[in-house]
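This one's a predicted model, so the numbers in the text were calculated from it and none came from an experiment.
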Protein chains: 2
Amino acid sequence: MSDEASFLAGYDPGDYPSIAVTVDVVALTIRDGALCVLLVERGEQPFTGHRALPGGFVREETLDEAALRELAEETDVRLAGDRVHLEQLRTYGNPGRDPRMRVVSVAYLAFAPHLPEATAGSDAARAYWVPVEDAKDLAFDHDQILAEGLERARDKLEYTPLATAFVGTEFTISELRQVYASVWGEELHAGNFHRKVLSVPGFVESTGETASRGGERGGPRAKLYRAGDARLLHPALLRPTREDRVR
Amino acid sequence: MSDEASFLAGYDPGDYPSIAVTVDVVALTIRDGALCVLLVERGEQPFTGHRALPGGFVREETLDEAALRELAEETDVRLAGDRVHLEQLRTYGNPGRDPRMRVVSVAYLAFAPHLPEATAGSDAARAYWVPVEDAKDLAFDHDQILAEGLERARDKLEYTPLATAFVGTEFTISELRQVYASVWGEELHAGNFHRKVLSVPGFVESTGETASRGGERGGPRAKLYRAGDARLLHPALLRPTREDRVR
DNA sequence: CTTGTCCTTCTCAACTTGAGTAGATCTCGA
DNA sequence: TCGAGATCTACTCAAGTTGAGAAGGACAAG
């Protein structure tokens, strides 16, 4: 602390507890039609044996890089750097959220298409995908972080092309509809969904190709699409059940 | 390092640079029909003489409390604690954003009805309201933070009752429309705006009262309303010019 | 008193939405 | 091999929403 002395003009180190900065990642994917979140098993105190969101200390790197790194350490590096959509969620810094010291955690949301089974990270923490409805009693304030991450994801599905981050580079309208259904937890009218997706400029663009086979239980081969260049959906795809969310 | 527990178990302080945590506040209000942001004049290195967003180090308090405290130190304590709407914007932590040391800053957005002229804070920094289009060349990465704060505010006006945070507890539909016009920078069709605001459940509720006088340049006395209990607007008030924002 | 402003309510055509229907195409199992 | 059932895609239609404009009154300023 030499240069910063002027910045702190009158700053007494004793007044300000040292603060650790971490990132925590709410990584979401869809497996077998269920929205799942990546959790790690804690081996250390506190919350030993509890599950937690993957995360760790920020090093000499940007916050985004720290989040990607933590994610890569728990899953597959190549995938994490490649196809994952990453965005900041919110920062949690209440005193006492970590019983040992003051920790300010920058939480991230990550969305990925169906990933292979998570592999243990370099430090041998056990990591696995868990359906979000089974992800309870997490360590620290991670229940709250997860809840806010899910809320954000459900909202962003309405007015951004986020759903395309959950499917491969080529997909059918039905696959996209199943993403919405999984994240929102409710079925959508197939005909109307089809009409809306195709009417939003830049949401999807046709590849001209057709799926190699029909649906699992029958039906014609669907046309294939890829993500368009829109960053906002206009008009938005509003979820059917909104009344509860309004007040 | 997969989670915070590693901090005590085997953490080598030399591996991780110490990180300072600050809050910066993008405080917005409307003065004379112009959207204004609160800026302070920097007296110290670096960026001496430049303007910056109000902010400072986080103490033994929540992040929200830190933001409110910094705001109160620059303006009026009572107002700041009372009628200000406060929400987290994003956290900025790129190495090098502060030339002296690693600083992670949690940025906040604050919205307030017309406030009295800002007063110099306890640390005698000069603070004043500046029309947002005149707020350029700010210190650090504050230009970017301000830009993202404005974008967020413009978006939230569409689907939340945020506009009511810029007016008093009782207001006319026209006052509300002028808030939208100031923040979005474009005029709105008065008749359609009126119809939409009244048709959104929970956006505003009538007080039964009428303004004490007509408009400044004539016109009948308008009915008075107060904010309703809605937290989301449905249907939303979409801004007219959207095409540019979509891609 | 006159002029012009502005609040509030209507009207209307264009568009969007939800719900349902229908034909064609495909998978699966008998 | 064939039939039953599922699915993709395109329509239809009524109900609701939107943007643009017009109109009637109420009011301030000169």
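If you take CG on A:Leu35 and CD on A:Glu133, they are separated by 8.0 Å, rounding to the nearest 0.5 Å.
Here B:Phe171 and B:Tyr225 keep their ring centres 6.0 angstrom or further from each other.
Ring-plane geometry between B:Phe111 and B:Phe166 is classed as perpendicular, the angle between the planes exceeding 60 degrees on a 0 to 90 degree scale with a lower cut at 30. Using cut-offs of 30° and 60° on the angle between ring planes, the pair A:His142 and A:Phe140 is tilted.
Using a distance-only test at 3.5 Å, with no hydrogens or angles considered, no donor-acceptor pair links the side chain of A:Lys156 to the main chain of A:Glu151. Between the B:Arg152 side chain and the B:Leu89 main chain, a donor and an acceptor come within less than 3.5 Å of each other.
The shortest side-chain heavy-atom distance between B:Tyr108 and B:Glu70 does not fall under the 4.5 Å cut-off. Residues A:Val130 and A:Tyr128 have side chains in contact (heavy-atom distance under 4.5 Å, counting atoms from C-beta outward).
Stacking of A:Arg195 on the aromatic ring of A:Phe193 is not recorded, the 6.0 Å distance cut-off and the 45° axial limit not both being met.
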Open item on the list: Protein within reach of the bases, or only the backbone? For nucleotides 22-30 of chain C, mark each nucleotide 5' to 3' as B, S or -, using heavy atoms under 4.0 Å.
Closed with: ---BBSS--
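Bending across the helix from C:dC1-D:dG30 to C:dA30-D:dT1, expressed as the angle between its end axes from five pairs apiece, amounts to 20° (10° rounding).
For B:Arg195, the listed nucleotide lying nearest its side chain is D:dG19; candidates were D:dC8, D:dG19, D:dC13.
Taking 4.0 angstrom as the limit, B:Lys223 places none of its side-chain polar atoms (N or O) nearer than this to OP1 or OP2 of C:dT8.
For residues 163-174 of chain A, proximity to DNA chain D is found at A:Ser174, defined as any non-hydrogen atom under 4.0 angstrom from a strand atom.
Across all strands, A:His194 comes closer than 4.0 Å only to sugar-phosphate atoms, never to a base (heavy-atom distances).
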